[in-house]
Amino acid sequence: MIRELWAYRELAYFLAWRDVKVRYKQTVLGVLWAVIQPFVTMVIFTLVFGQLAKIPTDGLPGPVFYFSALVPWTYFSATVNNAGMSLAANSGLLTKIYFPRIILPAAAAISCMVDFLISSVFLIGFFIYYKIPLGWNLLLWPVLVAVLVLLALGLGTFFAALNVKYRDIRYALPFVIQLLLFASPIIYPTSMIPERFQWLLSLNPLSGLIAAFRHLVAPHQALDWNLLLLSVAFTGVLFLAAVAYFRSTEKAMADII
């Protein structure tokens with residue numbers, strides 16, 4: 001499968017670039033939408049949950065606390081949604097020519113990476129404005145990004161295969177993503193969860209990743225390595241299982257869709 005994907009790598013890049021161009025075609029603000037969405041959400045979260053609800057931010061300024069978590073979350077939610085719908089959206093392509101079907105969800109993950117990188121660059125402004133010191137912990141960033149991509153691509157691939165047979169997925173997927181928003185430590189810190197319920201965080205692989213991304217802007221806070229390693233392990237198992245399921249249903253996709 002790896003050799004086949006490498007042989008069709010140019011198709012993956014082409015499909016990803018097509019998605020980016022279609023996404024911002026005939027838009028006034030263009031790629032600025034990649035920043036506007038998490039930024040506006042950050043403002044709302046800061047006012048509602050920070051100022052009104054008084055949810056603690058572990059000593060971080062509210063905008064930094066929320067934006068540092070919303071950047072990876074926005075990539076994750078967009079990738080899972082786009083990858084999950086990728087096969088159904090390209091049904092005409094599937095029935096005409098052969099190519100590794102997993103390229104479609106992979107192209108969705110690549111195209112969403114453009115928005116993620118743009119919003120990550122914008123995060124540098126928070127470092128400058130709030131005078132956050134740069135530390136060696138930033139070397140963890142590419143590792144976290146790689147795990148985030150595998151997690152989003154794994155879930156997206158699984159839902160894409162399911163969506164071929166069960167079109168209920170197109171209605172259930174946005175609801176699942178919305179639930180994950182509240183089940184992940186984006187609005188609240190992990191320290192807010194009572195000790196007896198901390199084990200529930202380990203069931204959500206996003207918990208360790210979001211906490212680790214937030215650690216990059218808060219080097220004074222200790223990183224929960226146990227939670228992060230559980231997230232990495234869960235992501236690896238989920239990705240392999242999703243790819244295995246996708247491969248087992250791949251041959252019949254063109255006939256079913």
I'd like to know if the side chain of [X] reaches the main chain of [Y], judged simply by a donor and an acceptor atom lying under 3.5 Å from each other, with no hydrogens or angles considered.
X      : Y      : result
Asn137 : His215 : yes
Lys131 : Ile128 : no
Ser202 : Gln198 : no
Ser77  : Thr74  : yes
Ser68  : Arg214 : no
Tyr75  : Ala109 : yes
Asn163 : Phe159 : no
Ser111 : Ala16  : no

Quick check: [Y] with [X] (ring centres under 6.0 Å apart)?
X      : Y      : value
Trp73  : Phe76  : yes
Tyr188 : Phe49  : no
Phe67  : Phe126 : yes

Next item on the list: Step by step, work out the side chain to side chain contact (heavy atoms under 4.5 Å, CB included) result for Asp19 and Asn82.
Entry: CA-CA 10 Å; Asp19 290 345; Asn82 293 344; over 6 Å; no
Connected via hydrophobic side-chain network under 4.5 Å: [X] and [Y]:
X      : Y      : answer
Tyr13  : Leu11  : no
Leu227 : Leu203 : yes
Met42  : Ile186 : yes
Val237 : Leu151 : no

Margin query: I'd like to know whether Val145 forms a side chain to side chain contact (heavy atoms under 4.5 Å, CB included) with Phe213, so could you lay out the CA-CA distance, the side-chain angles of the two residues, the decisive distance to 0.1 Å, and finally the verdict.
Written below: CA-CA 9 Å; Val145 172; Phe213 271 106; 4.2 Å; yes
Check: Which value, rounded to the nearest 0.5 Å, describes the distance between Arg170 atom CZ and Asn81 atom CG?
Finding: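 It comes to 11.0 Å.
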Flag if over 12 foreign heavy atoms under 6.0 Å of [atom1], [X]:
X      : atom1 : answer
Gln37  : CD    : no
Phe14  : CZ    : no
Phe39  : CZ    : no
Tyr129 : OH    : no

Margin query: One pair to check against ring pair (Phe, Tyr, Trp, His ring centres under 6.0 Å): Phe158 and Tyr245. What are the steps and the verdict?
Written below: CA-CA 7 Å; Phe158 174 70; Tyr245 176 73; 5.5 Å; yes
Notebook entry, point to check: What closest approach, in Å, do Leu15 and Ala107 show between heavy atoms, and which atom pair accounts for it?
Noted result: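 It is CB-CB, 3.7 Å.
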Check: Which class fits the ring pair Phe45 and Tyr66: parallel under 30°, tilted 30 to 60°, perpendicular over 60°?
Finding: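 Perpendicular.
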Next item on the list: Apply the side-chain contact (heavy atoms from CB on, under 4.5 Å) test between Pro189 and each candidate in Ile210, Ile55, Thr57, Leu60; give the one that qualifies.
Entry: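 Looking at Ile210, Ile55, Thr57, Leu60, the match for Pro189 under the side-chain contact (heavy atoms from CB on, under 4.5 Å) is Ile55.
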Margin query: Assess the residue pair Phe99 and Leu104 against the criterion (side chain to side chain contact (heavy atoms under 4.5 Å, CB included)); give the C-alpha distance rounded to whole Å, side-chain angles, the decisive distance to 0.1 Å, and a yes or no.
Written below: CA-CA 10 Å; Phe99 59 91; Leu104 290 174; 3.8 Å; yes
Next item on the list: Hey, could you give me each pair passing side-chain hydrogen bond (donor to acceptor under 3.5 Å, both in side chains) that has a residue in residues 174-184? Not counting sequence neighbours.
Entry: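 Of all non-adjacent pairs touching residues 174-184, those that pass side-chain hydrogen bond (donor to acceptor under 3.5 Å, both in side chains) are Ser184-Asn204.
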Check: Do Leu144 and Leu228 have side-chain heavy atoms sitting under 4.5 Å apart?
Finding: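 In short, these two side chains touch, coming nearer than 4.5 Å.
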Next item on the list: Verify side chain to side chain contact (heavy atoms under 4.5 Å, CB included) between Arg9 and Ile103, making sure each step is shown before the conclusion.
Entry: CA-CA 8 Å; Arg9 65 189 182 278; Ile103 278 184; over 6 Å; no
Check: Is the closest side-chain donor-acceptor distance between Thr190 and Asp224 under 3.5 Å?
Finding: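 No donor-acceptor contact under 3.5 Å links the two side chains.
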